[in-house]
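This report refers to the structure that appears directly beneath it.
First the proteins, then the strands, lettered A, B, ... as listed; each starts at 1. All figures in this text were calculated on a predicted structure; none of them were measured in a lab.
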Protein chains: 2
Amino acid sequence: MITIKEISKLTGISVRTLRYYEEIRLLIPLNKTEGGHRLYGEEELKRLQQILFLKNLGFKLKEIQRLLNDTWDWSTSLEHQLAFVLEEQEKLKQMENTLTGLKNALAIEGELNETLIQKMIKLSNRESEKKQAFRKQMFSNDEWQLVKSLPNLNRNDPNSLEWMGLLGQLKQLMSNGAESDSVQRIIKRMIEKSTEEYPDNEVFLEKMWDIRKSSSLSDKVGLYPLDEEFLNYVEQAFNIYETRELRGTSE
Amino acid sequence: MITIKEISKLTGISVRTLRYYEEIRLLIPLNKTEGGHRLYGEEELKRLQQILFLKNLGFKLKEIQRLLNDTWDWSTSLEHQLAFVLEEQEKLKQMENTLTGLKNALAIEGELNETLIQKMIKLSNRESEKKQAFRKQMFSNDEWQLVKSLPNLNRNDPNSLEWMGLLGQLKQLMSNGAESDSVQRIIKRMIEKSTEEYPDNEVFLEKMWDIRKSSSLSDKVGLYPLDEEFLNYVEQAFNIYETRELRGTSE
DNA sequence: ATACAAAATGACGTTACGTAAGTTTCAAGT
DNA sequence: ACTTGAAACTTACGTAACGTCATTTTGTAT
């Protein structure tokens, strides 16, 4: 015969909770003292552990009732619960993506103004839906593979991080002008990266920039929305870099 | 001016919910008719979409209040929420594991008798014990403070992003060897960056390496975990780069 | 017998709404 | 102007799983 406090200590569950479990008749004390103090036995302790175990698996108390009382259908319950857990994971992954997307946006822009949020909203609203439709419509399969490896700024790998870092720095340096040294060094690194990642296929890179230019399109692919002005500035910087390169090699 | 029903149709949110949002003063109608019918404007629709967006990310309504009303600290909120989401994912993964374990047990045994459940309980108890021990071991307050005060790469600017991206890529390319082209290009970029950002002293770089070298520390803070092997490899790559530079300039 | 800890009961608070029940308002048709 | 049916309104209870008081009893040691 164990008192409620001791059960509480043994299992880490609160006294209130134990009383609640009796209230909903999930765990009933073996008996009570004259004065009404609850007394539990070994059996009850074991049952409580089972309850906690199942609670950890995300079962609701009512489901636990059924699972522990008579012979219930464990198989379908487990299947159910597993499906639920997997679904929740999907949601959380989705949330994580959007959250890191926002974080990155914040890092690049320095603030989250309203229009940016609106863009993200639209982006995430029909994300899964349009992504797939767009994929079939616009890209061949191998091209799609490339898109996947492109700087999709919602992703979390080092490569994306560097792309984001470079883009963000470019944005910060807009006031310096497209021909400044720091800007040009960044451009150089970007070109280096892109030729490294997409060695033989510059056609695709061009396509890529086309996509990004029409920001409505880039929304659909899940790329980070970049505004017109910035894209033009980047293009200008690229052009400057290329003309300098030409001069450099012809001289 | 839009009626409540139309807002409901447009956003898919229930009428009851809209009334509730007014009750907690999260979304207040632009005005009301004589009879008290709610009327919303464009502004309110936009705000509602923002609300739903944030709700999807798992924010509570009260937090959304704060986020949307005055200028609030998005950065820490996002960080918080992301941490929460990651934690939840951990839990769910754990649950998934145990659930599939049970499913398999059920498939093999044909039934879940008591002893089997008890075994699973003990098993999962030990796991959580391990986790707790782990946590206690990992977190010590003063260490946390110390690292926080240092210039760490958790900062949210594009610059840090690029640094992290570069380091991450280096790690991914370890198998290529320190002398490979892609690695050396990254090294070059890092040197370029450091001389650009800290022209006359390398204090920052050194400090960074100090932090990172105590990899146990950097684990604790959630910085990119860098182990010994990796650090040596990076140092080697730097050396190769420098010797090549020397040869290049001396020839 | 008294003091003090531990236990008991009761009731309200929490989150984000769903779901009635009963009343009032709006817009259209006669 | 009057009726009527749909839509909107308010009020209030229910949900899940307890936490947190406040107040009263019981158990136990001295």
Integer-rounded Å distance: [N] [atom2] and [X] [atom1]:
{"X": "B/Y40", "N": "D/dA7", "atom1": "OH", "atom2": "C1'", "result": "14 Å"}
{"X": "B/K32", "N": "D/dA7", "atom1": "NZ", "atom2": "C1'", "result": "15 Å"}
{"X": "B/E23", "N": "D/dA12", "atom1": "CD", "atom2": "C1'", "result": "11 Å"}
{"X": "A/I7", "N": "C/dA6", "atom1": "CD1", "atom2": "P", "result": "17 Å"}
{"X": "A/Y20", "N": "D/dC21", "atom1": "OH", "atom2": "P", "result": "20 Å"}
{"X": "B/I4", "N": "D/dT10", "atom1": "CD1", "atom2": "P", "result": "9 Å"}
{"X": "A/R16", "N": "C/dC12", "atom1": "CZ", "atom2": "P", "result": "13 Å"}
{"X": "B/E6", "N": "D/dA6", "atom1": "CD", "atom2": "P", "result": "18 Å"}

Whichever of A/E22 and B/V15 has its nearest DNA chain C nucleotide further upstream toward 5': A/E22
Toward the 5' end of DNA chain C, by each residue's nearest nucleotide, B/G35 or B/K62: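 Looking at DNA chain C, the more 5' nearest nucleotide goes with B/K62.
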Enclosure of B/F84 CZ (heavy-atom neighbours >12, cutoff 6.0 Å): no
Would the number of heavy atoms belonging to other residues, nucleotides or ligands and lying under 6.0 Å from NZ of A/K62 be above 12?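 Count not over threshold, so no.
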At less than 4.0 Å, is any side-chain N or O atom of [X] found next to OP1 or OP2 of [N]? Yes or no.
{"X": "B/R38", "N": "D/dA8", "value": "no"}
{"X": "B/K55", "N": "C/dC17", "value": "yes"}
{"X": "A/Y21", "N": "D/dA17", "value": "no"}
{"X": "B/T17", "N": "C/dA16", "value": "no"}
{"X": "A/T3", "N": "C/dA7", "value": "yes"}
{"X": "B/S14", "N": "C/dC17", "value": "no"}

Could you check which of C/dC17, D/dC18, D/dA17 has an atom nearest any side-chain atom of A/K60? D/dA17
If you check every side-chain atom of B/H37, which of C/dC17, D/dA17, D/dC9 has the closest atom?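 For the B/H37 side chain, the nearest candidate turns out to be D/dC9.
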What verdict does the side chain to side chain donor-acceptor pair (under 3.5 Å) test give for B/Q89 and A/Q89, after you've listed the backbone C-alpha separation in whole Å, the side-chain angles of each residue and the deciding distance to 0.1 Å? CA-CA 6 Å; B/Q89 281 187 346; A/Q89 280 186 345; over 6 Å; no
In terms of side-chain geometry, is the basic nitrogen of B/E22 or B/R19 positioned less than 4.0 Å from the acidic oxygen of its partner?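 Salt bridge: no.
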Residues A/E88, A/K91: salt bridge by 4.0 Å N-O rule: yes
Have a look at A/R19 and say if it touches a base, only the backbone sugar-phosphate, or nothing, with a 4.0 Å heavy-atom cut-off. base
Give one of base, sugar-phosphate or nothing for B/I24, where a contact means two heavy atoms less than 4.0 Å apart.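 Touches nothing.
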